[in-house]
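Shown next, in structure tokens, is the structure this report addresses.
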Amino acid sequence: MPHQNRRKDVRNVAIIAHVDHGKTTLVDALLKLTGAYEFREGESAIMDSNPLEKERGITIFSKNASLLWRDTCINIIDTPGHADFGSEVERILKMVDGVLLLVDAFEGPMPQTKFVLKKSLELHLKPIVVINKIDRPNVRPDEVADMTFDLFCELNATDEQLDFPIVYASAKEGYARRELDDSDEDMSPLLDVILHRVLPPVADVDAPFQMLVTMLDYDSYVGRIAVGRIFHGRVRPKDTVVLVMRDGIHKRSRVTKILKYVGLVPTEVEEALAGDIISLAGIEEVSVGSTVASPDNPELLPMVKIDEPTISMEFSHNTSPRAGMDGGRFLTSRHIKERLEHEAMINVGVRVEKTESINRFKVSGRGELHLSILIETMRREGYEMEVSRPEVILKTVDDQIFEPIEEVVIEVDPDYQGGVMEAIGERKGEIANITMSSVGTVKLEFLIPSRALIGFRSELLMMTRGTAIMYQNFHEYMKYKGALPKRRTGVMVSMTGARAVGYALWNLQPRGEIFLHPGTDLYEGMIIGVNNKGTDLVVNATKGKQLTNIRASGTDEAIQLTPPREMTLEFALEFIADDELVEVTPKNIRIRKRLLTENERKRAAKKVPG
């Protein structure tokens, strides 16, 4: 093999971490120091550009930035920390030569830290460990450094990978240190470590052009935009290239535009070389995992393996009597189908399949959060739909059924430990480890079937009065654990369509929790609350108080309604049973029965055997 030169003027690095350990804040600090972005007063988390990311405080979509340090261009890619967006992480790691592993100086490595680190070690990337938030009280940086080393050993890191540098930082305050007792200056120690420890990319600029497509963007003017890293050669606008698909099909195209990031702004350039991370326009039908290559050497580059989806749901257009009344612009099954197919095209973690019904589509993803973000995004774009309860995807190997198992960590007050462990046992969970944290909470680590976690988070918060913290991460497929207990409560179902009346809701309150306010528009089959007795109950929530012209001898009872639960998408998906659906519109989230009338439900119940 001929000697390969490396481009000394470029470094490609990804930031990987658990949720909320400070990745996006760290990128802000680096952009500030190098002047790559002009921050306005009070502006922060500039990489979290999506409204959903700003609201939830988590990174959902991978994003690029570049900065110039000591005449070297450092391309930084911010990756999601949540395992449900693992397909984003896996693709991004294929574009870089090193990773910054960010760890909280108090919490230490968490389950999702393990997930993203495992992926990067498998690709033989050199890690730099950044212990962040050292300015906070009760931090334990030395202990966290030891825990991180143990995690590397557990993941079978090579001797070279174990020799990782450690940088101590406070991204929020904007400083980094090589040693704990160094003085606080700025983030330059971290940037210097990146220059010295991340390998420059192999740059065979004279070889035939090859670029691996790892992300897709879309522009209504130029169409699909392929984002990826050039592995060999160079490219200029108007060059003829060949799109090599994963199934071997070759298609000729012409490059119309080349974009490189300068700070956070995609900027048009006249040439890009091996080692650069770029966006190419003009290539129709491009998909993630395909290769854009020179016609002289139309070879497919190896694609990183993407983990299979573990959860599926059914999507359909909204069939409730309130369809089209909540400001939705896209109401038909054709609209839903086109939007889902577009999502599957740019997001390799999502899979869309047809079902027996022409109007229903089975959508599979990496987890509940993954699919709920898709639903929330579609809702904000003006789509109306109804979705079914999430179900896990089972596998059959040698006539044996296997199911996805999650690795879960729960931090809880010792007073609630017994109740939590009992709930885990009922759900076929197995305790792996119990430790006491330095702040007096108990950390429970266990393995539990993915399907047992559907609905568990809200139950856990109720059980612990909102004090528990739960992290989860896909572990592996294991043998099917058997049947699980079903929802213990029934529901109250509206028998009529009109406006809910406060007096009727007040009379229904003793039966269980109510989900709506007086004045809410109802329809037959809509679920208005919980029935604690465990059976479904058809009720009339529109019945007002009988008024007469005879004055009562005593005073009337004052109606005191308990404030209803705020209906969130996550709660609705966790709460519903198999015969129920979540109705999602731009303005409302409602829960309803699949079959709206009581007679339909009774007929269906008679057909069910047993």
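Remember, it's a predicted structure, so these values are computed and weren't measured experimentally.
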Minimum side-chain heavy-atom gap [X]-[Y] below 4.5 Å:
X	Y	answer
Asp413	Thr464	no
Leu100	Leu26	yes
Val408	Met470	yes
Ile128	His196	no
Leu30	Trp69	no
Lys238	Thr256	no
Val139	Lys133	no
Leu180	Asp142	yes

Keeping the roles fixed (side chain from [X], backbone from [Y]), state whether a donor-acceptor pair exists under 3.5 Å.
X	Y	answer
Arg379	Val584	no
Arg224	Ser287	no
Asn138	Phe106	no
Gln210	Glu299	yes
Thr34	Leu68	no
Arg11	Ile74	no

Does [X] have any side chain to side chain donor-acceptor pair (under 3.5 Å) partners at least two apart in sequence or in another chain, and if so, which?
X	answer
Asp239	none
Glu268	none
Glu154	Lys114
Arg254	none

Kindly check if the number of other-residue, nucleotide or ligand heavy atoms within 6.0 Å of CD (Glu476) is above 12?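 Count over threshold, so yes.
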Would you say CD of Glu285 has more than 12 non-hydrogen atoms from neighbouring residues, nucleotides or ligands within 6.0 angstrom?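 Result for CD/Glu285: open.
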How close do [X] and [Y] get, heavy atom to heavy atom, and via which atoms?
X	Y	result
His232	Ala207	CB-CB, 4.1 Å
Pro302	Leu212	O-CD2, 3.9 Å
Leu121	Ala157	CD1-CB, 4.0 Å
Pro201	Val10	CD-O, 3.1 Å
Ser183	Arg177	O-CG, 4.1 Å
Phe164	Pro127	CB-O, 3.6 Å

Test side-chain contact (heavy atoms from CB on, under 4.5 Å) on Arg229 and Asn75; report intermediate values, then the result. CA-CA 11 Å; Arg229 171 176 163 176; Asn75 290 312; over 6 Å; no
To the nearest 0.5 Å, how far apart are [atom1] in [X] and [atom2] in [Y]?
X	Y	atom1	atom2	result
His475	Ile405	NE2	CD1	8.0 Å
Asn12	Ile277	CG	CD1	4.0 Å
Ile410	Leu460	CD1	CG	4.5 Å
Thr291	Leu301	OG1	CG	4.0 Å
Leu573	Ile311	CG	CD1	10.5 Å
Phe315	Ile375	CZ	CD1	4.0 Å

So Tyr168 and Asp182, side-chain contact (heavy atoms from CB on, under 4.5 Å) or not? Walk me through it. CA-CA 10 Å; Tyr168 302 94; Asp182 287 354; over 6 Å; no
Please list, chain by chain and in numerical order, all residues satisfying side-chain contact (heavy atoms from CB on, under 4.5 Å) with [X], sequence neighbours excluded.
X	result
Ser450	Val392, Pro404, Glu406
Ser364	Pro309, Ser312, Arg351, Glu353, Lys362, Ile393
Thr435	Asn433, Lys443
Ala272	Ile230, Val235, Ile258, Asp276, Ile278

Report the residues that fulfil salt bridge (charged side-chain N to carboxylate O under 4.0 Å, His left out) with [X], sequence neighbours left out, ordered by chain and then residue number.
X	value
Lys172	none
Asp9	Arg7
Glu173	none

Are Asp104 and Arg136 ion-paired here, with the side-chain N under 4.0 Å from a carboxylate O?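 A salt bridge is present here (some side-chain N lies under 4.0 Å from a carboxylate O).
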Using the side-chain contact (heavy atoms from CB on, under 4.5 Å) rule, take Glu343 and Met378 through it: C-alpha gap first, then chi angles, then the decisive distance, then the call. CA-CA 10 Å; Glu343 186 67 27; Met378 288 176 66; over 6 Å; no
Given Arg178, which partner from the list Asp192, Ile166, Val193 fulfils the side chain to side chain contact (heavy atoms under 4.5 Å, CB included) test?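 Among Asp192, Ile166, Val193, the one meeting side chain to side chain contact (heavy atoms under 4.5 Å, CB included) with Arg178 is Val193.
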Among Thr25, Val167, Val130, exactly one meets side chain to side chain contact (heavy atoms under 4.5 Å, CB included) together with Leu102. Which residue is that?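 That would be Val130; it is the only one of Thr25, Val167, Val130 passing the side chain to side chain contact (heavy atoms under 4.5 Å, CB included) with Leu102.
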Excluding sequence neighbours, so at least two apart, what forms ring-ring contact (aromatic ring centres under 6.0 Å, His included) with Phe330?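 Checked Phe330 against ring-ring contact (aromatic ring centres under 6.0 Å, His included); matches are His335, Tyr383.
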Output, in order, the C-alpha distance, side-chain angles, deciding distance and verdict of side-chain contact (heavy atoms from CB on, under 4.5 Å) for Arg197 and Asp163. CA-CA 11 Å; Arg197 297 301 290 246; Asp163 183 28; 4.0 Å; yes
